[in-house]
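FYI, the numbering just counts along the sequence from 1.
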Amino acid sequence: MEHVREVQRNAPEGLNILVIGYSGIDQEVLSLLAWGGRQVASLLVVNGNREGGWATVETFSRELGFAPTEEMVFPGGFTDFAQTDAMETFLRAIPG
């Protein structure tokens, strides 16, 4: 937990979050991400399909206070994600 808090302290431009296979139900994880009040700079959710991903984005949006967009959802599951350039594209878009 302390590692996540250290990352948050050093993220003045906001958090860049890649979520793989997580529904957003675990309140402890959401509370940890909300700690420190950092805004979400970028988010990409891979959660089985578009509907599952969108549900997770909406949960994160409510808990972390940002406006959700369709670009935050990968439309397929992990295998599809791993076989495309989606991860590379997401990571290259992160400043720094």
Side-chain angles (χ1 to χ4, degrees):
M1 238 198 298
E2 188 54 39
H3 175 71
V4 173
R5 289 186 174 151
E6 183 65 26
V7 168
Q8 289 174 313
R9 279 191 281 271
N10 294 314
E13 293 84 29
L15 301 175
N16 299 293
I17 305 170
L18 174 60
V19 177
I20 299 175
Y22 171 67
S23 66
I25 292 174
D26 185 343
Q27 189 61 45
E28 186 173 332
V29 172
L30 293 170
S31 295
L32 183 60
L33 290 171
W35 179 89
R38 295 285 189 239
Q39 69 180 11
V40 173
S42 61
L43 172 68
L44 181 59
V45 174
V46 181
N47 193 21
N49 56 40
R50 180 168 295 287
E51 294 78 22
W54 184 250
T56 301
V57 167
E58 287 182 317
T59 299
F60 271 64
S61 171
R62 277 191 309 277
E63 296 293 323
L64 302 179
F66 63 88
T69 66
E70 286 291 326
E71 292 78 27
M72 295 175 174
V73 179
F74 182 78
F78 177 74
T79 300
D80 296 332
F81 182 68
Q83 293 175 345
T84 68
D85 64 348
M87 183 184 310
E88 181 180 353
T89 300
F90 175 76
L91 295 175
R92 287 190 185 276
I94 297 172

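- Interatomic distance, CG of Asn49 versus CD of Glu51, reported as 4.5 Å (0.5 Å rounding).
- Looking only at side-chain heavy atoms (C-beta outward), Phe60 and Pro68 stay at 4.5 Å or farther from each other.
- Considering only residues two or more places apart in sequence or on other chains, Phe90 meets the ring-ring contact (aromatic ring centres under 6.0 Å, His included) condition with none of them.
- Within the 4.5 Å cutoff, the side chain of Asn47 has no heavy atoms near those of the Val19 side chain.
- In this structure the side chain of Phe74 never reaches within 4.5 angstrom of the side chain of Arg50, judged on heavy atoms.
- Not one N or O on the side chain of Asp85 forms a donor-acceptor pair closer than 3.5 Å with the backbone of Glu88.
- Closest heavy-atom contact between Phe66 and Met72: CE1-SD, 3.6 Å.
- Judged by distance alone, the side chain of Thr56 and the main-chain N or O of Tyr22 form a donor-acceptor pair under 3.5 Å.
- The heavy-atom pair separating Leu18 from Met87 by the smallest distance is CD2-CG, 4.4 Å.
- Scored by the salt bridge (Lys or Arg N to Asp or Glu O under 4.0 Å) test, Arg62 finds no partners at all (sequence neighbours excluded).
- In terms of modelled atom types and a separation under 3.5 Å, the side chain of Ser61 and the main chain of Ala67 share no donor-acceptor contact.
- Put simply, CG on Leu30 and CD1 on Ile25 are 10.0 Å apart, with the number rounded to the nearest 0.5 Å.
- At least one side-chain heavy atom of Ile94 sits under 4.5 Å from a side-chain heavy atom of Ser42.
- Between Trp54 and Thr59, every side-chain heavy-atom pair lies at or beyond the 4.5 Å cut-off.
- Atom CG in Leu15 sits 10.0 Å away from atom CG in Leu43 (nearest 0.5 Å).
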